[in-house]
Amino acid sequence: MKRCLVLLTTAYPYNPGEPYLETEMPYLAARFDRILLLPIGIAPGAKVSVPLPENVTLCNSAVLPPKKARLLDCLHGLSAVFRLPKLPERDLAEVKHSLPKRAFLGYFLARTRRHTREILDTVRDFDFSAYGEVVLYSYWFFVAAAVGAELRKALPATKFISRAHGYDLYPYANALDYLPCRTMLLQAVDGVYACSEDGKRFLTKQNPDFSDTIHCACLGTPEGTLTEGSVDGVFRILTCARTVPLKRLDRLADALALLPDTAIEWTHIGDGASLPALRKKCAELHNVRFLGALSHEQVLDYYRKNPVDVFVNISKREGLPVSVMEALSYGVPAIVTDVGGCRELIDDGQNGFLLPADFTDELLAQTLRKAHTCGRELRRNAFQKYQENFSAAQNFSRFADLLCRADEGRTND
């Protein structure tokens, strides 16, 4: 039986895209005869930034530039402020007494309708009848999943699966502490797969009636290797993140200022709105390097060619950060805040260190000093954690197999 996968993304395979989906794609391509790739957050005429397998058909359905299109979505969605749409009662109850939430709901639904129209117009000549199974897969449990729910009504889809990561999972990641249409989406999918056990627990607690629909499927990183740390007495720290306030990179600069007698080199990979301010803040620190945005492969290549003694992620919020998985895959211990699913990656004192979300600069400095004095056992444990839990070959193969199984909504985790 020939299989077709209809994959909804935000930007992949355009730049910036979902870099970890690039690692997952070969496993999907090996199990489906055809993949219909539908990004919903890019501009007309955008250029593809990563290579695609031969059996992937890419459809850019965008008609207008994203900013203009979303402005129109906001205008079209204003009707929800005055008259609520037809939705499950629980979804309506969340917005009934909040005008900002009603406006956001209207925008969400208007954007969903627009993307659905554009996609259906783009794929109208695609021959779905050539496939005995058509699977819908949304990479995010947000607008892409809502579009998937609409496409399921129009396409001969046999099942619909969605992942859930961070901003699309935890309402507190949204300025309104609100994510639209949770009940509607859970009714539409055969299974939603959080990328961490913490995400699965959270979503199940919020939606106990759908416990049989909610599962966990971790992401993974390509095969790494146990690397050596520094041997010249310099303590080398790596961070890899968007340079935005959420990541609190300025706090790392403050902690390093408390360690004037330690030979430290800090390298940061990533770009963002806060980068100029961070550069200015670090002007008085020695041995701070900013490499800018690198591709996924370039990040991995950095680990292969450069000694890294500890990876630091002190974000306010996280799902299950793949950047930490990448560090572990090269035997690099990590210092992370105990938020989201981070404790699923780090066993405190064994392969890295956990910090409370409200850590002080002094505590971060003490933890850095502790990481500096730890031996090779920390690195061996880091690599073992990766091998046992976060290998792309294991995790993505398992998930691709799941997409091909008829009983995916009822499988054990």
Side-chain angles (χ1 to χ4, degrees), residues 6-10 38 40-41 70 73-74 76-120 134-195 199-215 217 319 408-410:
V6 180
L7 174 55
L8 290 152
T9 70
T10 296
L38 305 172
I40 65 170
R70 293 188 188 187
D73 294 337
C74 289
H76 293 152
L78 284 176
S79 60
V81 173
F82 307 100
R83 183 178 180 181
L84 288 172
K86 185 177 180 181
L87 287 171
E89 181 57 36
R90 186 177 176 190
D91 289 337
L92 295 177
E94 288 189 286
V95 303
K96 191 171 294 184
H97 304 296
S98 171
L99 293 181
K101 290 181 180 180
R102 290 169 75 137
F104 188 58
L105 170 64
Y107 157 77
F108 181 90
L109 293 174
R111 187 179 166 197
T112 298
R113 291 191 294 269
R114 172 175 61 85
H115 287 309
T116 303
R117 288 194 305 269
E118 292 171 350
I119 287 171
L120 288 176
V134 177
V135 178
L136 277 166
Y137 169 23
S138 169
Y139 197 67
W140 302 94
F141 198 54
F142 195 61
V143 175
V147 173
E150 292 302 308
L151 291 179
R152 188 171 197 180
K153 302 172 186 177
L155 302 181
T158 50
K159 51 191 167 184
F160 174 27
I161 298 296
S162 179
R163 283 195 185 273
H165 301 260
Y167 85 87
D168 56 338
L169 177 60
Y170 303 103
Y172 54 73
N174 183 281
L176 295 175
D177 191 23
Y178 165 64
L179 292 173
C181 303
R182 300 285 93 178
T183 300
M184 181 194 79
L185 295 182
L186 284 166
Q187 289 176 346
V189 297
D190 293 297
V192 56
Y193 288 80
C195 290
K200 175 192 170 184
R201 286 191 297 269
F202 180 88
L203 196 57
T204 302
K205 183 176 180 180
Q206 298 295 312
N207 305 275
D209 292 345
F210 294 94
S211 59
D212 291 342
T213 304
I214 301 167
H215 311 275
E408 78 295 312
R410 296 175 293 278

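Residue numbers start at 1 and run along the sequence shown.
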Between [X] and [Y], is any pair of side-chain heavy atoms under 4.5 Å apart?
| X | Y | value |
| --- | --- | --- |
| I214 | L186 | yes |
| N207 | R90 | yes |
| T10 | Y139 | no |
| D91 | L105 | no |
| L151 | F160 | no |
| V147 | S138 | no |
| L185 | R182 | yes |
| L109 | C181 | yes |

Chi angles and distances behind the side chain to side chain contact (heavy atoms under 4.5 Å, CB included) call for L179, F108: CA-CA 9 Å; L179 292 173; F108 181 90; over 6 Å; no

Starting at [atom1] of [X], measure out to [atom2] of [Y] and round the result to the nearest 0.5 Å.
| X | Y | atom1 | atom2 | answer |
| --- | --- | --- | --- | --- |
| K96 | K101 | NZ | NZ | 13.5 Å |
| F210 | T183 | CZ | OG1 | 5.5 Å |
| L78 | R102 | CG | CZ | 12.0 Å |
| I119 | I40 | CD1 | CD1 | 6.5 Å |
| L38 | E118 | CG | CD | 11.5 Å |
| T213 | L203 | OG1 | CG | 9.5 Å |

Residue pair [X] / [Y]: nearest heavy atoms and the distance that separates them:
| X | Y | answer |
| --- | --- | --- |
| A164 | V192 | CB-CG2, 4.1 Å |
| M184 | A146 | CE-CB, 4.4 Å |
| G148 | L136 | O-CD1, 3.5 Å |
| L169 | G199 | CD2-CA, 3.3 Å |

Considering only residues two or more places apart or on different chains, which pairs with a residue in residues 160-176 satisfy side chain to side chain donor-acceptor pair (under 3.5 Å)? E24-R163, Y137-R163, Y170-D198

Okay, side chain of [X], backbone of [Y]: is any donor-acceptor separation there less than 3.5 Å?
| X | Y | answer |
| --- | --- | --- |
| D73 | Y107 | no |
| H215 | D212 | yes |
| H76 | A110 | no |

Taking it one step at a time, do R70 and R114 satisfy side chain to side chain contact (heavy atoms under 4.5 Å, CB included)? CA-CA 10 Å; R70 293 188 188 187; R114 172 175 61 85; 4.1 Å; yes

